[in-house]
Structures are given as structure tokens and as C-alpha cells.
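Given the structure is predicted, the values throughout are model-derived calculations rather than measurements. Counting convention: from 1, in listed order, for ligands and their atoms alike. Side chains included, hydrogens not; waters and symmetry mates left out as well; all remaining heavy atoms used.
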Amino acid sequence: MLLRRGAEADIYLTTWYDKKAISKIRVSKKYRHKTLDDKIRKHRTIHEANMLSSAKIAGIRSPFLYFVDPFNGEIIMEYVNGMNAKDVITPRTCFKIGEYAALLHTHCIIHNDLTTSNFVVDNGELVLLDFGLSYHSARIEDQAVDIRLFKRIINSAHKSIYKVAFSHFIKGYSSIVGEKRMNRILENVIEIENRGRYTMIS
Ligand SMILES: Nc1ncnc2c1ncn2[C@@H]1O[C@H](COP(=O)(O)OP(=O)(O)O)[C@@H](O)[C@H]1O
Ligand SMILES: [Mg+2]
């Protein structure tokens, strides 16, 4: 059953040996040459599956991988039964998201799409989805971009709780990396924001 049609991939609810599962299939783009398109989809599928596994090593919960078919651009993974964080955002969830972001960053992973819709809350436990844009980096600027995106999302999609939500995110992040590192990254976030403002004016 088709759950969602995305720009890059379609999400299906399926089964894997009698278990509810999610199939994420990268669709081919007609405007790309077939050989190139196959190569891109294959590469991105393998990359996403690898990043999903790397996240586990960082100690965060992400869906279990059941099966990867690079030639079809398909990943079959655990279906996480829960509410999307977008719909059930709480200060506690934001604290946890902060912890997850810091754990990824200390393991040199940039998620690159830290929006509340990429988190599911399963029995109180947070699960991070969608490593389609993730990559490896230890650069503080890249970590700051991750935080900046989350900040923007809660400031637009969750405006009424923005202050509490962001302060809890920061608390969660600091609990892993310490305040000194946190402040360095926040300085970077402000720098990125100022750069954005400057670009808009000029
Ligand atoms: N393993 C999963 N378990 C439950 N829901 C999922 C799972 N993977 C994806 N989803 C649902 O499908 C949506 C889109 O999946 P996602 O991997 O984020 O694709 P996209 O790259 O299109 O954003 C998610 O926001 C979530 O609601
Ligand atoms: Mg997504």
C-alpha cells in the first residue's frame, strides 16, 4: 500500500516475513539518462542503507534494515509503529532530538534533514528516519547547519512552543557534548543566520 509519494522515493507499507515493513523505493527520473539514473539510484540506496546502520553505531534508534536491493533502488525496513513527532512534539521529545543530533555529530554523521516529520515516537522512544541526505563530516559548520535546520522547523511548524522546544533541544545536545562545545556550535549557527540575512538584504 502506497503511504507517501516523495520527490526522491515512494514509501509503501508492506510485509517482510509476516512482519509489517516499510519499503522505500527510489523512483526513476525520466529526465535523467537511463544508465546514469540507474547508477544514481543504486548509489543513493546503498548510501542511505549505510548511513542508517552507522546511526545505530552512534547509539540512536533508527529502523532495522531488513533488505536492500540496490538495483531496484529499494530498502525494506522495520515499520515503526508510532506517532510522527511533528504531531506530538513535546519538550521531552525536543530534549531527545537534541541528544540524538549530538550523538550523530560526535560520530561524524550529519543527518541533513532534521525535521520533526523525520522522527517517530514509538512507546515513548524516539526513532529517527530518513537518512537519504545524510553524510559523514566532522566539520563544526556542517553540524551547525543541522541545528539551524531544526531551529527553523520548530520556529515555523511549531511556533507556539518554539522557545521551550529549542531550549530543550539545546539542553539535550549539551548533555552529550558539554556546554563549551555547544556554545561553539551555537556561535556557528548565529553566523549562518547572519549570513542568510546579509544575502537577503544585498
Ligand atoms: N520505517 C518507517 N516506519 C514508519 N513510518 C515510516 C518509516 N519510514 C518512513 N515512514 C513514513 O514515511 C514518511 C516519509 O519517509 P522518508 O524516509 O522521510 O522519505 P522522504 O525522503 O520522502 O522524506 C516519514 O515521514 C514517515 O511518516
Ligand atoms: Mg523525510
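Ile11 CG2, 3.8 Å is the protein heavy atom nearest to atom 12 (O) of ligand 1. Ranking protein heavy atoms by distance to atom 1 (N) of ligand 1, first place goes to Glu78 O, 2.8 Å. Nearest protein heavy-atom neighbour of atom 8 (N) of ligand 1: Ile22 CG2, 3.8 Å. Atom 23 (O) of ligand 1 has its closest protein heavy atom at Asp130 OD2, 2.9 Å.
Residues Asn72 and Ile25 are not in side-chain contact: their nearest non-hydrogen atoms beyond the backbone lie 4.5 Å or more apart. Using a 4.5 Å cut-off on side-chain heavy atoms (C-beta onward), His111 and Asn118 make contact.
The residue from Arg41, Arg26, Lys29, Lys24 that alone fulfils the side-chain hydrogen bond (donor to acceptor under 3.5 Å, both in side chains) condition with Glu8 is Arg26.
Using a distance-only test at 3.5 Å, with no hydrogens or angles considered, a donor-acceptor pair links the side chain of Asn84 to the main chain of Ser117. No side-chain donor-acceptor contact under 3.5 Å links Lys171 to the backbone of Phe95.
Each salt bridge (charged side-chain N to carboxylate O under 4.0 Å, His left out) pair with one or both residues in residues 72-92, not counting sequence neighbours, appears once here: Arg61-Glu78.
Of the charged side-chain nitrogens involved, none lies within less than 4.0 Å of a carboxylate oxygen, so that Arg184 and Glu187 do not count as a salt-bridged pair. Ion pairing of Glu48 with Arg44 is absent here, as no side-chain N (NZ or NE/NH1/NH2) approaches a carboxylate O to less than 4.0 Å.
The closest approach between a heavy atom of Ser117 and any atom of ligand 1 is below 4.0 Å. In this structure, Arg4 counts as a contact residue of ligand 1, since one of its heavy atoms falls inside 4.0 Å of the ligand.
When each atom of ligand 1 is checked for a heavy atom of Pro63 under 4.0 Å away, the hits are 1 (N). Distances below 4.0 Å separate heavy atoms of Met77 from the following atoms of ligand 1: 1 (N). Taking a cut-off of under 4.0 Å to the non-hydrogen atoms of Lys24, the atoms of ligand 1 that pass are 16 (P), 17 (O), 19 (O), 21 (O).
Looking at Leu129, Asp87, Asp113 and measuring to atom 11 (C) of ligand 1, the nearest heavy atom belongs to Leu129.
By the criterion of a heavy-atom distance under 4.0 Å, neither the backbone nor the side chain of Glu8 is placed next to ligand 1. Only side-chain heavy atoms of Asn118 come within less than 4.0 Å of ligand 1; its backbone N, CA, C and O stay farther off. Contact annotation: for Val80 versus ligand 1, heavy atoms closer than 4.0 Å belong to both the backbone and the side chain. Contacts with ligand 1 closer than 4.0 Å are made by side-chain heavy atoms of Asn84 only, the backbone lying farther away.
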Would Phe131 and His47 count as a side-chain contact (heavy atoms from CB on, under 4.5 Å) if you check the C-alpha gap in whole Å, the side-chain angles of each, and the deciding distance to 0.1 Å?
CA-CA 9 Å; Phe131 287 78; His47 182 76; over 6 Å; no
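For the atom pair CD1 of Ile176 and OG1 of Thr106, the computed distance is 7.0 Å after rounding to the nearest 0.5 Å.
The tally of protein N/O/S atoms under 2.8 Å from the Mg ion (ligand 2) stands at 2.
Under a 4.5 Å side-chain heavy-atom criterion applied to ILVMFWY residues, the cluster that includes Tyr66 comprises Trp16, Tyr17, Phe64, Phe67, Ile76 as well. As a member of the Ile/Leu/Val/Met/Phe/Trp/Tyr network built from side-chain separations under 4.5 Å, Ile192 groups with Val145.
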